[in-house]
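Read through the structure below, which is laid out as structure tokens, and then see the notes.
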Amino acid sequence: LTLSEVRHLAESRREARTDDLTGLANRRLILEQLRTGLDSGDGTVGLIVMDLDRFKEINDSLGHSAGDELLVAVGQRLSPVMPEGAGFGRTGGDEFAVVLADASPWRALGVARRVTEALREPFVVAGASTVVEASVGIACAPQHGTDVETIMSCADIAMYRAKRGRTGVRVFEPDPADPS
């Protein structure tokens with residue numbers, strides 16, 4: 001391969017793993033980081049998923065360009081509060097995720113609380129002050145599973161339970177009475 005072809009391949013790979021809007025890691029890279037964490041060392045890894053609450057209202061009232069502006073601003077505000085070595089990205093829509101190597105549920109909970117605290121200050125979007133809250137779910141390996149699909153599912157379930165219960169942050173807990 002020529003040097004130009006190598007550069008083009010490297011750029012293509014970077015683009016395939018980067019969210020176009022925010023410049024953060026995309027879902028593909030987050031899943032790779034989670035898989036790497038599960039496959040390395042003792043297999044302890046934490047996944048934090050967050051969904052912005054009432055994001056549809058912002059899109060509907062201020063327009064989709066304002067929603068995009070908010071997503072970029074959220075990414076910029078949250079990036080500095082991420083622990084060193086954490087994977088952070090936008091996994092789609094108004095959802096973001098954090099992958100933490102060697103993470104217990106308690107460590108992941110501490111990171112999730114820093115994230116929600118960072119969101120407390122209003123954002124200025126399309127000239128309007130906008131308060132953003134997030135529903136956050138946490139799952140960790142090996143406590144909640146040992147494969148990517150299970151950890152993702154458990155974190156999503158915890159996030160939806162947090163959203164439904166308006167609790168902000170929730171660590172996954174198996175609940176035989178709740179099929180979600």
R114, CZ atom: more than 12 neighbouring heavy atoms under 6.0 Å:
yes
Do T18 and N26 have side-chain atoms, one donor and one acceptor, less than 3.5 Å apart?
no
Indicate the atoms forming the closest heavy-atom contact of G89 with L24, along with that distance.
CA-CB, 3.9 Å
Single-linkage hydrophobic cluster V125~V132, side-chain heavy atoms < 4.5 angstrom
yes
In this structure, would V74 and V99 fall into the same cluster of hydrophobic residues linked by side-chain contacts under 4.5 Å?
no
R77 side-chain N/O to A118 backbone N/O, donor-acceptor pair under 3.5 Å
yes
Residues I157, F172; criterion side-chain contact (heavy atoms from CB on, under 4.5 Å); working and verdict
CA-CA 7 Å; I157 289 168; F172 177 77; 3.9 Å; yes
Report the distance from atom CG of D94 to atom CG of N59, rounding to the nearest 0.5 Å.
8.5 Å
Is the F88 ring parallel, tilted or perpendicular to the F96 ring (thresholds 30°, 60°)?
parallel
Distance-minimising heavy-atom pair for V115 and M82
CG2-CE, 3.6 Å
With distance as the sole criterion, is a donor-acceptor pair present between the side chains of T150 and D147 under 3.5 Å?
yes
Compare all side-chain heavy atoms of R170 with those of Y160 and state whether any distance is below 4.5 angstrom.
no
Answer yes or no: is there a donor N or O on one side and an acceptor on the other, between the side chain of S153 and the main chain of E149, under 3.5 Å?
no
4.5 Å side-chain heavy-atom contact, V45 and L100
no
CG/D19 to OG1/T91 distance, rounded to the nearest 0.5 angstrom?
9.0 Å
At their closest point, which heavy atom of V124 faces which heavy atom of E69, and how far apart are they?
O-OE2, 3.7 Å
Closest non-hydrogen atom pair between L109 and V171, with its separation:
CD1-CG2, 4.2 Å
Below 4.0 angstrom, N of the basic side chain to O of the carboxylate: do E32 and R35 qualify?
no
Write down the atom of A134, the atom of D53, and the distance for their closest heavy-atom approach.
C-OD2, 3.6 Å
Between the OG1 atom in T44 and the CD atom in Q143, the distance rounded to the nearest 0.5 Å is 8.0 Å
Lys/Arg-Asp/Glu bridge criterion (N-O < 4.0 Å) met for E133, R54:
yes
Using atom types as modelled and distance alone, determine if a side-chain donor or acceptor of R27 lies under 3.5 Å from a backbone N or O of I30.
no
Quick one: pull up CG in D156 and NZ in K163 and give me the separation to the nearest 0.5 Å.
11.5 Å
Do the side chains of I48 and V111 get nearer than 4.5 Å, heavy atoms only?
yes
With a 4.5 Å cut-off on side-chain heavy atoms, are M50 and V98 touching?
yes
Side chain to side chain donor-acceptor pair (under 3.5 Å) assessment of D51 paired with S135
CA-CA 5 Å; D51 182 82; S135 295; 5.8 Å; no
Look up atom CG in L47 and atom NE2 in H144, then write down how far apart they are to the nearest 0.5 Å.
11.5 Å
Calculate, to the nearest 0.5 Å, the distance between atoms CG and CZ belonging to L71 and F55 respectively.
4.0 Å
Quick one, L21 and R90 - any side-chain contact, counting heavy atoms below 4.5 Å?
yes
Can you check whether T22 reaches Q76 side chain to side chain, under 4.5 Å on heavy atoms?
no
Indicate yes or no: at least one non-hydrogen side-chain atom of C140 is less than 4.5 angstrom from one of R107.
no
Between V81, L78, V136, which is the residue that forms a side chain to side chain contact (heavy atoms under 4.5 Å, CB included) with L119?
L78
Between L31 and M152, is a side-chain contact (heavy atoms from CB on, under 4.5 Å) present by the stated rule, with each step listed?
CA-CA 9 Å; L31 292 174; M152 287 290 294; 3.8 Å; yes
Backbone N/O of T36 and side chain of S40: donor-acceptor pair under 3.5 Å:
yes
Side chain proximity check, T116 to V169, heavy atoms < 4.5 angstrom:
yes
Of all the heavy-atom pairs spanning L38 and A141, show the shortest one and how long it is.
CD2-CB, 3.3 Å
Between L70 and V131, is there a shared hydrophobic cluster once you connect ILVMFWY residues whose side-chain heavy atoms come closer than 4.5 Å?
no
Linked, directly or transitively: V49 and I151 (ILVMFWY side chains, under 4.5 Å):
yes
